[in-house]
Participant: 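Quick one: this structure, given as structure tokens, is what I'll be asking you about.
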Amino acid sequence: MTKDKVLIFDTTLRDGEQSPGATMTHDEKLEIAELLDEMGVDIIEAGFPIASEGDFRAVSDIAARAKSSTICGLARANYKDIDRCWDAVKQAKSPRIHTFIGTSPLHRAIPNLTMDEMAERIHDTVTHARNLCDNVQWSPMDATRTEEDYLRRVVEIAIKAGATTINIPDTVGYTAPVESADLIRMLINEVPGADEVIFATHCHNDLGMATANSLAAVEGGARQIECTINGLGERAGNTALEEVVMALKVRGDIMPFETSIDTRKIMNISRRVATVSGFAVQFNKAIVGKNAFAHESGIHQDGMLKNRETFEVMKPEDVGLSGTSLPLGKHSGRAALRAKLTELGFDLADNQLNDVFVRFKDLADRKKEVFDDDLMALVTQNDAEDDRLKLKSLRVVCGTQGPQTADMVLEVDGADIATTATGDGPVDATFNAVKAIFTHRARLQLYQVSAVTEGTDAQATVTVRMEEEGRIATGQSADTDTVVASAKAYINALNRLLVRREQSEPGYDIKGVSYKDT
Ligand code: KIV
Ligand code: ZN
């Protein structure tokens, strides 16, 4: 059976990064872009260049490094945004400008444009983008709540002005599968010139239908799906890349479409995005959740032993999970560690391997068996060389006889500072010690602990989200000692907030970019 190609457009670094608290550092963005490129993503939306110097630099560095993927930047419907976007993407082997404007009645009211004025703006800005770049994507934001007549009219204008991809966003996650397919089909059938462009679908997950809506749009004629790793994104997130790609692969007999994604790289990038964004993947999440291939009930286990297809529609190996997982222990050497890390998708330089080896030995001393998940947690620790705050030591006294006390040494800008603090429990005492050494006004928004593997010696992964004057940062860390993991996660979040504080010249924050300039 011949299969139609569906392009995968990943917007983890733009729409995904817009989720509150999911901000990534420059190096993390470059790393994720490299993983997306390696896994076969056709188009990477690397950021919103006008939003800040940081976003501009990330998009242009990603553009300069990309090997195969097209690199795209987002721009509102004005010349300044579009010029800035072009400056950021132009060094890519294959650059794309993505410009958008909200076309529904609610969104038209914000820049206070009449239908005719907006139509003229679309014509002018798409023409301008096309004069700079051969590859232009145009999106009518909130398309699914835009009057159909007007949608047909503006899509036709964008095509005539030179757009090569027309993206139809369900910005508020309002549509449903049948409508999603019908809308794309209607546009393809009724808009003059529609057969010369690619239609894309961009779905949000407010009603939990994003993946279903994206797949339905493909049935309706869309040939580009916009998505993010783990479904990261504002509010309930976006269509998850791993879900649409695996659905197309598993259901290939019924849905004759293919993508160029190497699905064996899914698990690794999912874990990496979870770590750098601080958004842990829920256990029962399709494809990438911890339980996605776990079988607990007797009937299921029995069925699996007889024939795995009884309770699995895909193999764990298809998404990069190794079928059999032999744990490493304290006698395992560097070669065994390297082999295991390669199997898990990590290609470390010698100095990185040395560093991980030291931490692996330390963990193996404390824990009898080191499982794949332990190693992943170890390798993806967030500590960075240039962090301003580093935990040097921590001793906590806790138990039934309070008050709980934390003795801490913290390195602040290169100088060691010691303190003792008390608190309502060991974690509270630890956080109070950090506050005593490094005074700050950030408020704790989320504190979450989960076990990486099983057993009382399991590593705990702790996620901490903090907020300071509207800026949000998330930190994460793993350790067999839950309090140490908590201290490191808290310090990690603070380090990220400090970076955000430095970057917070007016207009820095992508969430602070308004649509008034559209
Ligand atoms: O959801 C949306 O409408 C968007 C646009 C900018 C394409 O992300
Ligand atoms: Zn979106």
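As a basis for the values below, the full set of heavy atoms in this structure was taken, side chains included, without hydrogen atoms, waters or symmetry mates. Just so you know, ligand 1 is whichever comes first in the structure, and atom 1 is the first atom listed for that ligand.
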Participant: Tell me whether Glu234 reaches ligand 1 (any heavy atom closer than 4.0 angstrom to a ligand atom).
Facilitator: no
Participant: Would you mind listing which atoms of ligand 1 come within a distance below 4.0 Å of any non-hydrogen atom of His204?
Facilitator: 1 (O)
Participant: So if I count the atoms of ligand 1 from 1 in the order they appear, which ones are less than 4.0 Å from some heavy atom of Asp15?
Facilitator: 8 (O)
Participant: Would you say ligand 1 has an N or O under 3.5 Å from any N or O of Ser139?
Facilitator: no
Participant: Is the number of heavy atoms from other residues, nucleotides or ligands within 6.0 Å of NZ (Lys315) greater than 12?
Facilitator: no
Participant: How wide is the angle at the Zn ion (ligand 2) between OD2 of Asp15 and NE2 of His204, to the nearest 10°?
Facilitator: 110°
Participant: Are any of the N or O atoms of His98 closer than 3.5 Å to those of ligand 1?
Facilitator: no
Participant: Please check if the number of heavy atoms outside Tyr150 that lie under 6.0 Å from its OH is greater than 12.
Facilitator: yes
Participant: Please check if the number of heavy atoms outside Glu120 that lie under 6.0 Å from its CD is greater than 12.
Facilitator: no
Participant: Can you find a side-chain donor-acceptor pair between Gln137 and Glu226 that sits under 3.5 Å?
Facilitator: yes
Participant: Quick one: sort the Phe431 and Tyr490 rings into parallel, tilted or perpendicular, breaks at 30° and 60°.
Facilitator: parallel
Participant: Check ligand 1 against Met141 and write out every atom of the ligand that is under 4.0 Å from a heavy-atom position of the residue.
Facilitator: 3 (O)
Participant: Looking at His202, which atoms of ligand 1 are within less than 4.0 Å of one of its heavy atoms?
Facilitator: 1 (O), 2 (C), 4 (C), 8 (O)
Participant: My understanding is that we take every heavy atom of each candidate and find the minimum distance to atom 6 (C) of ligand 1. Doing that for Gln137, His107, Arg14, which one comes out nearest?
Facilitator: Arg14
Participant: Is the number of heavy atoms from other residues, nucleotides or ligands under 6.0 Å of Lys80 NZ greater than 12?
Facilitator: no
Participant: Does a side-chain N-to-carboxylate-O contact under 4.0 Å join Arg441 and Glu468?
Facilitator: no
